A.B. asks: 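Below is a structure I'd like to ask you about.
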Amino acid sequence: MKQSQITVFRDQLITWFEANKRDLPWRRTDDPYSIWVSEVMLQQTQVKIVLDYYERFLESFPTVIDLSQADLQLVLKSWEGMGYYARARNLHQASGIVRDKFDGQLPRDQGSFRSLPGAGEYITAAVLSRAFDKPLAVVDGNVKRVLSRLFMIDEPINSANANRQFAEHASTMLDPQRPGQFNEAMMELGATICTPKNPNCKICPVSNFCESYIQDRQRDYPVTAIRKAIPHHHLVVSVICKDDKILIVRRPLSGLLGGLWELPGGEIEKNETGISACSRIIKDSTNLDIETPEQITRVKHAYSHFSIEIDVYRSRYKLGDVYLKDHIDYRWINWAETDDYAFHQAHRKIFNKLTKG
DNA sequence: AAAACGGGGAC
DNA sequence: GTCCCAGTTTT
């Protein structure tokens, strides 16, 4: 695209954006920390979900200093149900770095900000362009889809080596005078008009520049690579009752669902009954002996790279002291106390079923 | 370069 | 059911 055309593209896009943008809470602030929080939450998470968390999180942790001084368990509780919990752990860790190494101020320098845990290319560009007018182009799923259609890019948007190509296009188009507005406008276009299915090209403010639209091939873009099939796992967990308490355990801080709480359990093996699997797994993971377990419910849950079904057993504590194999902590708690701990969503499903039933 | 990492809205 | 979302880190 010629430079003169690029200038017109920017004007058309930003004019449309200013007239049509959604009223979102993180658009009402210029506070860099608040903008940062919103960008971390919005990573791979839909706007509608983040709306339920953003303002409550900032009420709990109004400044980067407040966040840095908060207990990680409280931060995870605020994140409970949103997924990708490493974001919360990284944000919490990064807040401490901002406090100790950057005098409590978010670094404005690209390299410094990028070095914070959880700050990748996207977050760095998004925060620094919005908060400090740095001319850095964001490249997210929306932007890639828009660019794919705009320039008829045949590289799959979910392939690793496409990123450089998309980043170059994004940088070329970026309005260096209004980088924050431009970035938001590109994403807003992708979110509301240039959608994955059935793009609304009739009302698109830049359709006159869109190569795929001009050829009526917008439905052929973006190109995506095929995904692999996802495996399925069958798990058992147990509600172990000891007097009026039940046992919960805390997952390691790294890896899947890191730092969250759950009922003890594990994967059932082939040719193993649920009852024997339950007893074996409880002994192996907690060192406890339990009375014969009895199944009380079953839940299904899907992650992005595998799916699970969990058979839930009730059992009575028989013998032994807790000695954890993989988990990092445990508690004997009342049912009501489950609200005080951050559980992952599969367990919220379990608790909801047992409470209703 | 590929896999790990959550959960749910939209279709 | 499938797709994919204001991506980053680890392997």
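Since the model is a prediction, treat every value here as computed from it, not as a measurement. Per chain, numbering begins at 1; letters A, B, ... match sequence-line order.
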A.B. asks: Mind checking if Y84(A) touches a base, just sugar-phosphate, or nothing, with heavy atoms under 4.0 Å?
C.D. replies: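 Here Y84(A) touches the bases of the nucleic acid.
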A.B. asks: So what does M41(A) hit on the nucleic acid, given a heavy-atom distance under 4.0 Å: a base, only sugar-phosphate, or nothing?
C.D. replies: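 Here M41(A) touches no strand at all.
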A.B. asks: What's the closest nucleotide to the I123(A) side chain, out of dG8(B), dG7(C), dA4(B)?
C.D. replies: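 Ranking dG8(B), dG7(C), dA4(B) by closest atom to the I123(A) side chain puts dG7(C) first.
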A.B. asks: Roughly how far apart, to the nearest Å, are dT8(C) and dG9(B) at atom P?
C.D. replies: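 Comparing P positions in dT8(C) and dG9(B) gives a spacing of 23 Å.
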A.B. asks: May I ask you to decide whether R130(A) forms a salt bridge with D133(A), counting only side-chain N to carboxylate O separations under 4.0 Å?
C.D. replies: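 Looking at D133(A) together with R130(A), the answer is no, because their closest N to O distance does not fall below 4.0 Å.
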A.B. asks: Could you pick out which residue, K197(A) or Y85(A), lies toward the 5' side of DNA chain B when each is mapped onto its nearest nucleotide?
C.D. replies: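 Final value for this comparison: Y85(A).
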A.B. asks: Go through dT9(C), dG7(B), dA6(C) for me and flag the one nearest to the Y303(A) side chain.
C.D. replies: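 Nearest to the side-chain atoms of Y303(A), counting from C-beta on, is dG7(B).
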A.B. asks: From the list dG9(B), dC5(B), dA6(C), which nucleotide is the closest neighbour of the side chain of I49(A)?
C.D. replies: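 Among the listed nucleotides, the one closest to the side chain of I49(A) is dG9(B).
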A.B. asks: Across the strands shown, which category fits W79(A) at heavy-atom distances under 4.0 angstrom: base, sugar-phosphate, nothing?
C.D. replies: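 Contact class for W79(A): none.
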A.B. asks: Any base atoms under 4.0 Å from R145(A), or only sugar-phosphate, or nothing? Heavy atoms, all strands.
C.D. replies: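 If one applies the 4.0 Å heavy-atom cut-off, R145(A) turns out to touch the sugar-phosphate alone, with no base involved.
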A.B. asks: dA3(B) C1' sits how many Å from F306(A) CZ, rounded?
C.D. replies: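 Whole-Å distance recorded here is 13 Å.
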A.B. asks: I want to confirm an ordering. Mapping G255(A) and K48(A) to their closest nucleotides on DNA chain B, which one lands closer to the 5' end?
C.D. replies: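 So the residue in question is G255(A).
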A.B. asks: For R164(A), report the nucleic acid contact type (base, sugar-phosphate, nothing); a contact means any heavy atom under 4.0 Å.
C.D. replies: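 If one applies the 4.0 Å heavy-atom cut-off, R164(A) turns out to touch nothing in the nucleic acid.
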A.B. asks: Just N and O in the side chain of H305(A): are any of them under 4.0 Å from OP1 or OP2 of dC5(B)?
C.D. replies: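 Yes, because at least one side-chain N or O of H305(A) sits under 4.0 Å from OP1 or OP2 of dC5(B).
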A.B. asks: Nearest-Å distance, CZ (R114(A)) to P (dT8(C))?
C.D. replies: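 It is 7 Å, rounded to the nearest whole Å.
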A.B. asks: Which part of the nucleic acid, if any, lies within contact of V47(A), taking any heavy atom under 4.0 Å across all strands shown: a base, the sugar-phosphate backbone alone, or nothing?
C.D. replies: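 V47(A): base contact, heavy atoms under 4.0 Å.
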A.B. asks: What integer distance in Å separates E39(A):CD from dT8(C):P?
C.D. replies: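 Rounded to the whole Å, the gap is 10 Å.
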A.B. asks: Using the closest heavy atom to pick a nucleotide of DNA chain C for each, name whichever of A126(A) or G118(A) lands nearer the 5' end.
C.D. replies: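 This one resolves to A126(A).
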A.B. asks: Would you classify K228(A) as touching base, sugar-phosphate or nothing, given that sugar-phosphate means primed atoms plus P, OP1 and OP2, and contacts are heavy atoms under 4.0 Å?
C.D. replies: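 Sugar-phosphate contact only.
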A.B. asks: What integer distance in Å separates K144(A):NZ from dA6(C):C1'?
C.D. replies: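 In whole Å, dA6(C) C1' lies 12 Å from K144(A) NZ.
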A.B. asks: So, is the end of the R56(A) side chain (NZ or CZ) under 6.0 Å from the ring centre of Y53(A) and within 45° of the ring's axis?
C.D. replies: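 Yes, R56(A) sits over the ring of Y53(A).
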A.B. asks: Within this structure, what is the CZ-to-C1' distance between R227(A) and dA3(B), rounded to whole angstrom?
C.D. replies: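 Interatomic distance, CZ of R227(A) to C1' of dA3(B): 13 Å.
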A.B. asks: Salt-bridged, D71(A) to K77(A), with N to O below 4.0 Å?
C.D. replies: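 Between K77(A) and D71(A) there is no salt bridge, as every charged N stays at least 4.0 Å from the carboxylate O atoms.
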A.B. asks: Between atom CG in L189(A) and atom C1' in dC5(C), what is the gap in whole Å?
C.D. replies: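 Atom-to-atom, L189(A) to dC5(C), this comes out as 16 Å.
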A.B. asks: How many Å lie between CG on N158(A) and C1' on dC3(C), as a whole number?
C.D. replies: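 One finds 11 Å between C1' of dC3(C) and CG of N158(A), rounded.
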A.B. asks: Less than 4.0 Å between a side-chain N and a carboxylate O, is that true for R331(A) and E337(A)?
C.D. replies: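 Salt bridge between E337(A) and R331(A), a charged N being under 4.0 Å from a carboxylate O: no.
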A.B. asks: Any idea which of dA6(C), dG7(B), dT8(C) is nearest the E121(A) side chain?
C.D. replies: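 Per side-chain heavy atoms of E121(A), the pick is dT8(C).
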A.B. asks: Which is true for G81(A) with a 4.0 Å heavy-atom rule: it touches a base, it touches only sugar-phosphate, or it touches nothing?
C.D. replies: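 Contact class for G81(A): sugar-phosphate only.
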A.B. asks: Return whichever of L116(A) or Q46(A) has its heavy-atom-nearest nucleotide of DNA chain C closer to the 5' end.
C.D. replies: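 Residue closer to the 5' terminus by nearest nucleotide: Q46(A).
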A.B. asks: Taking atom types as they are modelled, would you say the side chain of T45(A) forms a donor-acceptor pair with the base of dG8(B) within the 3.5 Å cutoff?
C.D. replies: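 Counting by modelled atom types and ignoring angles, no donor-acceptor contact under 3.5 Å is found here.
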A.B. asks: Are F306(A) and Y303(A) an aromatic pair by the rule of ring centers under 6.0 Å?
C.D. replies: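 Here the rings of Y303(A) and F306(A) have centres that are less than 6.0 Å from each other.
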A.B. asks: Is the shortest side-chain heavy-atom distance between I193(A) and W16(A) below 4.5 Å?
C.D. replies: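 Yes. Closest side-chain heavy atoms under 4.5 Å.
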A.B. asks: Take atom P in dC5(B) and the same atom in dA6(C), then report the distance between them in whole Å.
C.D. replies: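 Comparing P positions in dC5(B) and dA6(C) gives a spacing of 23 Å.
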A.B. asks: Under 4.0 Å between a Lys/Arg side-chain N and an Asp/Glu carboxylate O for R27(A) and E188(A)?
C.D. replies: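 Salt bridge: yes.
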A.B. asks: Rounded to the nearest angstrom, tell me the gap between atom CG in N142(A) and atom P in dC3(C).
C.D. replies: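 About 18 Å, once rounded to whole Å.
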A.B. asks: At less than 4.0 Å, is any side-chain N or O atom of Q44(A) found next to OP1 or OP2 of dG7(C)? Yes or no.
C.D. replies: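 Checking dG7(C) against Q44(A), a side-chain N or O does come within under 4.0 Å of OP1 or OP2.
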A.B. asks: Quick one: label Q345(A) by what it contacts on the DNA or RNA (base, sugar-phosphate, nothing), any heavy atom closer than 4.0 Å.
C.D. replies: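 Counting heavy atoms under 4.0 Å across all strands, the contact made by Q345(A) is with sugar-phosphate only.
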